[in-house]
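Everything quoted here is computed from the prediction, not taken from an experiment. Each ligand, and each atom within it, is numbered from 1 in the order the structure gives.
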Amino acid sequence: MSVNPQAETMGFQTEVNQLLKLVAENLYSNKEVFLRELISNASDAADKLRYQALGDDALYEGDSDLQVRLSFDKDKKTITIADNGIGMTRQDAIDHLGTIAKSGTQAFTQMLQSDANDKKDQHKSELIGQFGVGFYSAFVVSDKVEVNSRRAGMQPNEGVKWVSGGDGQFTVSNIDKAERGTEIILHLKENAEDFLNDHRLREMVRQYSDHITVPVMMEKQPEPKTSAEEKEAEKEEKKSDKPEWERVNQANALWTMPKKDITDEQYQDLYKHITHDYRNALAWSHNRVEGNLEYTSLLYIPENAPFDLWNREGLRGLKLYVKRVFIMDDAEHFMPMYLRFVKGIIDTNDLPLNVSRELLQSNSVINKIKSASVKKILGLLEKMAKDNPEKYKTFWNAFGQVLKEGPAEDFSNKEQIAKLLRFSSTHPDDAEQSVSLGDYISRMKDKQDKIYYLIADNYTAAQNSPLLEVYRQKGVEVLLMSDRVDEWLMGHLSDFDGKQLVSIAKGDFDLDDDKDDEAKQEEKKQQEDEFGSLLKQMKDYFGERVSEVRLTSRLTDSPACVVFGNDEMSGHLQRLMQQAGQEVQKPKPILELNPKHALVLRVQSETDDARLGQWADLLLGQSLLAEGETLENPAKYVKDMNALLLEIGK
Ligand code: ADP
Ligand code: MG
């Protein structure tokens with residue numbers, strides 16, 4: 001290897017420096033991660049070469065036996081990870097090892113910073129690989145990292161050497177490198193020297209890299225000899241012999257094995273490899289499909305949400321293999337958005353090896369695999385909900401809000417998705433989202449034919465809404481919703497199992513079981529007569545501020561409430577849209593009065609017009625506040641209220 005003096009020293013991008021510091025601090029107690037990340041990069045490099053060589057066999061340079069070699073030198077205190085994968089050009093090294101263009105960096109930095117004091121979950125820093133910055137974990141154990149690389153298909157004198165002490169800068173120079181691929185030499189820090197141990201390294205490879213499909217080789221260790229003589233002879237032999245390499249990891253494509261031969265632990269190891277997650281998967285589904293279409297799918301449901309779950313542009317999707325050959329990561333066409341948390345592998349014989357992302361977009365094979373895979377996941381969840389509610393709760397807490405996008409996105413599976421939804425409810429009266437629509441229906445009252453729900457800005461507001469009063473009194477269950485996605489969900493879920501879903505914040509009060517009761521009807525009529533002029537006076541006073549003032553029987557404890565017409569936006573949705581910066585044409589609320597409430601009776605007997613206006617404002621104001629609305633003129637509201645309080649005191 002001769003070094004060309006054309007050396008160039010450059011500074012890391014600012015973000016890289018920041019990152020290096022954080023990584024060093026945070027991975028301190030999980031140093032082992034470096035090996036997993038570097039082997040993972042070597043395996044990626046092998047995959048990339050295999051893929052590119054599909055179109056250009058010459059890239060193999062006569063050697064298609066792809067592997068990773070792991071070795072160490074006790075005297076020099078180095079560990080070397082060498083691969084014969086795709087390799088890097090000088091520019092590649094500068095671009096990929098010195099700057100980070102990917103958005104993951106910032107997210108990773110933020111996560112570490114926010115996490116810095118959280119000792120409970122120190123393992124979080126192990127997620128480094130998920131953010132596309134795994135290479136930098138090399139500096140956790142190294143004072144100096146040396147990378148020698150040559151791109152497949154280029155001349156031996158077109159190699160590059162990249163060296164850095166992780167201290168703000170790196171140097172690149174040209175080198176001769178006969179073998180294609182990348183060799184990473186870690187000059188270990190003093191406190192990392194215990195990694196210079198054959199047994200330890202083998203253990204780590206088995207633990208972290210058993211299921212990458214490229215073989216990880218280590219030098220064969222000599223059998224222990226009994227006599228000193230034999231040892232001598234061995235030494236002589238070794239000097240002349242080339243080292244013998246043996247495979248340390250299993251390096252088989254696990255998903256191609258029969259299910260019965262695969263242990264749970266192996267499934268979990270593969271999950272960790274493909275997701276860079278250190279935690280176990282919650283559940284998985286492994287399917288081999290034969291016949292018209294031939295493919296294998298191995299789909300995992302993680303236990304925790306990834307950092308970019310809410311970034312709809314973020315990377316997602318499955319790993320795609322065609323006839324065991326890795327084709328691409330994050331093939332997003334196999335899962336709909338509302339199942340974007342699903343991870344795993346699709347390996348099919350029915351796509352061409354040179355398949356591109358564009359082709360994936362409109363391909364009938366993909367669509368068939370997709371719809372079958374969606375069914376598998378929904379089935380898996382349904383079974384989990386039935387057999388293991390605790391586990392399902394974990395799932396729901398992590399991904400329930402994403403699943404709620406389902407009914408809008410996937411019409412054909414709407415009913416099945418609806419079965420999987422969980423809500424807070426007035427039965428039991430707690431915030432936990434644990435009630436299914438099926439549970440609700442099983443508890444419905446005799447004459448009840450609708451499923452009632454209420455959407456508010458948060459759980460507490462929903463739980464305390466005056467709109468619930470009569471439902472509580474009559475023991476009719478109401479689902480309580482406050483997730484951002486709920487309006488969207490309910491806009492697409494108008495019925496379930498033949499029952500209409502109805503918002504109690506909209507339209508007429510319809511829990512009226514008194515319709516056929518003549519005495520009750522008579523009482524109503526009387527109330528209408530009695531309060532008729534008050535209602536009219538109030539409406540005249542409000543003018544355009546409300547669309548109607550009317551009596552209601554939906555209240556028991558509160559004097560008044562506001563609702564909206566059936567076709568209007570709910571107050572909650574209006575506020576969501578305003579928060580999102582959208583112009584909202586606010587629909588006018590309907591003010592409803594409780595004719596049995598003492599305060600309403602007091603207002604009815606008011607003779608002073610000015611005072612009546614104050615009362616009217618007070619009733620409308622408090623109803624809007626209870627709904628979660630902000631008042632246009634809060635100071636006037638307070639003033640009115642104080643004036644009226646003093647009045648009562650008189
Ligand atoms: P990621 O693997 O998620 O892209 P890393 O920080 O682990 O992020 O690696 C950064 C980049 O460096 C890789 O995407 C690749 O382009 C390059 N790289 C790292 N190791 C190798 C290698 N052994 N062979 C070829 N390229 C490599
Ligand atoms: Mg990587």
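- Below 3.5 Å of separation, one finds an N or O of Phe135 facing an N or O of ligand 1.
- Set against the non-hydrogen atoms of Thr182, the atoms of ligand 1 under 4.0 Å away are 22 (C), 23 (N), 24 (N), 25 (C).
- In the vicinity of Ala45, heavy-atom distances shorter than 4.0 Å reach the ligand 1 atoms 24 (N), 25 (C).
- With no hydrogens or angles considered, a side-chain donor-acceptor pair links Asp410 and Tyr338 at under 3.5 Å.
- Residue contacts with ligand 1, taken as heavy atom pairs separated by less than 4.0 Å, involve Asp83 solely via side-chain atoms from C-beta onward.
- Ring orientation note: the planes of Phe395 and Tyr392 are tilted relative to one another, at an angle of 30° to 60°.
- In terms of polar-atom proximity, Gly134 is counted as a contact of ligand 1, with an N or O under 3.5 Å from an N or O of the ligand.
- Heavy-atom proximity to atom 9 (O) of ligand 1, evaluated over Asn41, Leu38, Ile184, Ile81, is greatest for Asn41.
- Between Phe135 and His96, the gap from one ring centroid to the other reaches at least 6.0 Å.
- Look at Glu37 and you'll find every heavy atom at least 4.0 Å from all atoms of ligand 1.
- Using a cutoff of 4.0 Å between basic side-chain nitrogens and carboxylate oxygens, Arg90 and Glu8 are scored as salt-bridged.
- The ring of Tyr321 has its center no closer than 6.0 angstrom to the ring center of Tyr51.
- A donor-acceptor contact closer than 3.5 angstrom is absent between the side chains of Ser373 and Ser297.
- Residue Leu97 touches ligand 1 through its side chain alone, judged by heavy-atom distances below 4.0 Å.
- For Trp488, the CH2 atom counts as loosely surrounded, since its 6.0 Å shell holds 12 or fewer non-hydrogen atoms of other residues, nucleotides or ligands.
- Because the distance cut-off is set at 2.8 Å, Asn41 qualifies as a neighbour of the Mg ion (ligand 2) through one of its N, O or S atoms.
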